[in-house]
Trainee: 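Here it is, the structure, as structure tokens.
Order of the sequence lines fixes the chain letters, A, B, ..., with proteins taken first and strands second; residue numbering starts at 1 for each chain.
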Protein chains: 2
Amino acid sequence: MVTMKEIANKAGVSVSTVSLVLNNRDEGRVKSEIASNVRTIAKQLGYRANPLASSLRTGRTRILGFISEEVATTLYAGGIILGAQSAASQLGYMLITVSTDGKASENEEIAALKRYGTDGFLYAKMSNRVTKAPKSLRGTPLVLVDATDEEGLIPSVEPDEFRIGYDATRRLIDAGCERIAYVGCSELMIAQEGRQAGYRKALEDAGRTFDERLVVNVLNNGPALEAVRDLFDAEHPDGFFCFNDARAWYVYECAARRGLTVGRDISVVGVDNHRVFAETLSPMLTTIELPHFEMGYWAAAKLISLIEDRSLHDLELPETTAAIPPFDAVEPAKIHCTLIEKESVR
Amino acid sequence: MVTMKEIANKAGVSVSTVSLVLNNRDEGRVKSEIASNVRTIAKQLGYRANPLASSLRTGRTRILGFISEEVATTLYAGGIILGAQSAASQLGYMLITVSTDGKASENEEIAALKRYGTDGFLYAKMSNRVTKAPKSLRGTPLVLVDATDEEGLIPSVEPDEFRIGYDATRRLIDAGCERIAYVGCSELMIAQEGRQAGYRKALEDAGRTFDERLVVNVLNNGPALEAVRDLFDAEHPDGFFCFNDARAWYVYECAARRGLTVGRDISVVGVDNHRVFAETLSPMLTTIELPHFEMGYWAAAKLISLIEDRSLHDLELPETTAAIPPFDAVEPAKIHCTLIEKESVR
DNA sequence: TTGAAAGCGCTAACAC
DNA sequence: GTGTTAGCGCTTTCAA
């Protein structure tokens, strides 16, 4: 590890001068000749600042805390973390991720993170829902990811759920489907409500009437399969908008048993939460990919802009190599999903 | 943040004394009366050491680096990270996780981690394979997770792949299956080789002859489905050992199309890589759960024991709340998977 | 325009 | 046994 001291020696100046230059606070304070000399020596020696040492003085560590409940164990989370890491590393930050189970360990972990001098927090949920951030996070820079603050005070980055439902349904209508079903989620959350509302609106905009019998909201379990089976036999839908790919699988299972082929006899559009699933089903499935990477990326960028109190308008999303190698058969149809960035309302 | 200084003031002693006591280096150096006084004041004030400040002196930060390629984007990884975090936090460490794509960014990220003074590294792979750890990691404490060092020099924690294959096949034999197929992976790796060898050995131990025609090694893609379809029609197996749950899905798809029911007409045992899958298929699928959490846990514990140069024999795996809530229908049969801990051979 | 000096919170020699 | 002192790498007055 090369230090400022070494640079100072080599350049024949003091450490303070080096500090000024390397922090770009030399304008009008250090002779530009000396400044550039210091800079070249630094580059030459491969100097990299020791963020921990500076933190002692400045109180800022360039470390972000990423807190999630179960989320880090979901495939869903991988992309978010990856995106957040990407923005962080692009802006010279590091991410410490922490998973909690329950409020008790949550506060423990937050305290631990704070001891490490975390500059701010990302608080992520598994699926967009109304959320109350722990009080121990009040007062620190904080951004919610895939979640909505109860009081609208905390900024967040989340998918446009209504539009997901609208676009998916629109797609099925355009594909010529006459009886479009919605296989949703029976838990109350923004993702569910928004998507179902979008489904309904798309139908109405197309001059169709919303029919409750075509909607089945289920959990991800055994009874779910039965519910979808009943929907199949009672209503004979020819199009399915599925809350996620796990639910799409029920449709596949039922179709296979009835000798129906997805993509020919029935059409299916599903939100692609788990990737593994959709990759296996994909030759026949139209997916809506939640932009997890982007969500994490913009959330981290927003957090950093909060911390540094400056806008990051010039930031650009990096080219990503796909996190999971693309399915090597037919590239499935994909519907783009847009993000919403909510500002604090106060 | 309460500092040692404050404690020292309140106790009427010097900071060094406080330091000695709070680091448990007071034995025979500080009067026990004073020591306990310092301790109570510390507890009272809720003192928590600032690991970053001490790192400046000691060179140790109590931060571990977790490096993975794609792994952090796989559901597979969630458990590992969770386990590693658990051991880390139990022993007073923090985990910084970093995902890389390709060697270039890998070295970048490693350098960044080193700047943060990481005490050691966990290097994780997506699936057990022979691995060459980056040279930039030489010289620092390092443990491989779900990977095997090329030269056997680096300690690792990995599943007992042979036994997975053996136990799975044994299970199918015990279930009365006559024609047991193996749906494996066509990539060369320890996981594949070990599991297929275990499959073969179990058959032979049961007095059966290994039949190549019952083995199909595929990727996770379109042609894979065809290969399984062919296997179905040519060999009519009544038992399937699947490399993972994604491959098990091909068997389900084929069975459904032929009117066969898993658990009645055919038996399937699969390694449960992706959880989402197996949870959906589970009422009928016997799964082998890779102990991801444990793998991460023991790997981190091993790393810390390397760093602190002490054995952690008294460490106990914590009770975990299941990372993903258990499937609420029939609890699927599960086969236990054991871990192997490899020491450095030199 | 530059450098000396102090100090962030903590540890570790070394005096006392 | 306990306090003094120096210093980890860096930032930040303040004096020159």
Trainee: Considering residues, nucleotides and ligands other than K132(B), do more than 12 of their heavy atoms fall under 6.0 Å from its NZ?
Mentor: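 Atom NZ in K132(B) is not crowded, with 12 or fewer foreign heavy atoms closer than 6.0 Å.
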Trainee: Assign a letter to each nucleotide of nucleotides 9-16 of chain D from its 5' end: B, base within under 4.0 Å of a protein heavy atom; S, sugar-phosphate only; -, no contact.
Mentor: BSBB----
Trainee: Over all heavy atoms of both residues, which pair between A11(B) and N37(B) is shortest? Give the atoms and the distance, please.
Mentor: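 Closest pair (atom of A11(B), atom of N37(B), distance): CB-OD1, 4.0 Å.
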Trainee: Walk me through it: do I96(A) and T118(A) pass the test side-chain contact (heavy atoms from CB on, under 4.5 Å)?
Mentor: CA-CA 9 Å; I96(A) 298 193; T118(A) 331; over 6 Å; no
Trainee: Is it the case that E6(A) and Y47(A) place a side-chain donor and acceptor less than 3.5 Å from each other?
Mentor: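 On atom types as modelled, these side chains do not qualify, holding no pair under 3.5 Å.
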Trainee: To the nearest 0.5 Å, what is the distance between OG1 (T3(B)) and CG (N9(B))?
Mentor: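 The CG atom of N9(B) is 8.0 Å from OG1 of T3(B), to the nearest 0.5 Å.
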Trainee: Using distance alone, with no hydrogens and no angle criterion, decide if T97(A) and Q85(B) have a side-chain donor and acceptor under 3.5 Å apart.
Mentor: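 T97(A) vs Q85(B): donor-acceptor pair found between side chains.
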Trainee: Any donor-acceptor pair under 3.5 Å linking the side-chain atoms of S16(B) with those of S19(B)?
Mentor: no
Trainee: Show the numbers, then the answer: is there a salt bridge (charged side-chain N to carboxylate O under 4.0 Å, His left out) between R310(B) and E308(B)?
Mentor: CA-CA 6 Å; R310(B) 66 186 178 102; E308(B) 303 189 347; 2.5 Å; yes
Trainee: Need two values: the first and the last nucleotide of DNA chain C, 5' to 3', having an atom under 4.0 Å from any heavy-atom of chain B.
Mentor: dG9(C) to dA12(C)
Trainee: Using a cut-off of 6.0 Å, state whether more than 12 heavy atoms not belonging to K114(B) lie near its atom NZ.
Mentor: yes
Trainee: Quick one: label G59(A) by what it contacts on the DNA or RNA (base, sugar-phosphate, nothing), any heavy atom closer than 4.0 Å.
Mentor: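 Here G59(A) touches no strand at all.
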Trainee: First locate atom OG1 of T40(B), then atom CG of L45(B), and finally report the distance between them rounded to the nearest 0.5 Å.
Mentor: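 The CG atom of L45(B) is 10.5 Å from OG1 of T40(B), to the nearest 0.5 Å.
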Trainee: At a heavy-atom distance below 4.0 Å, what parts of residues 31-44 of chain A sit against DNA chain C?
Mentor: K31(A), I34(A)
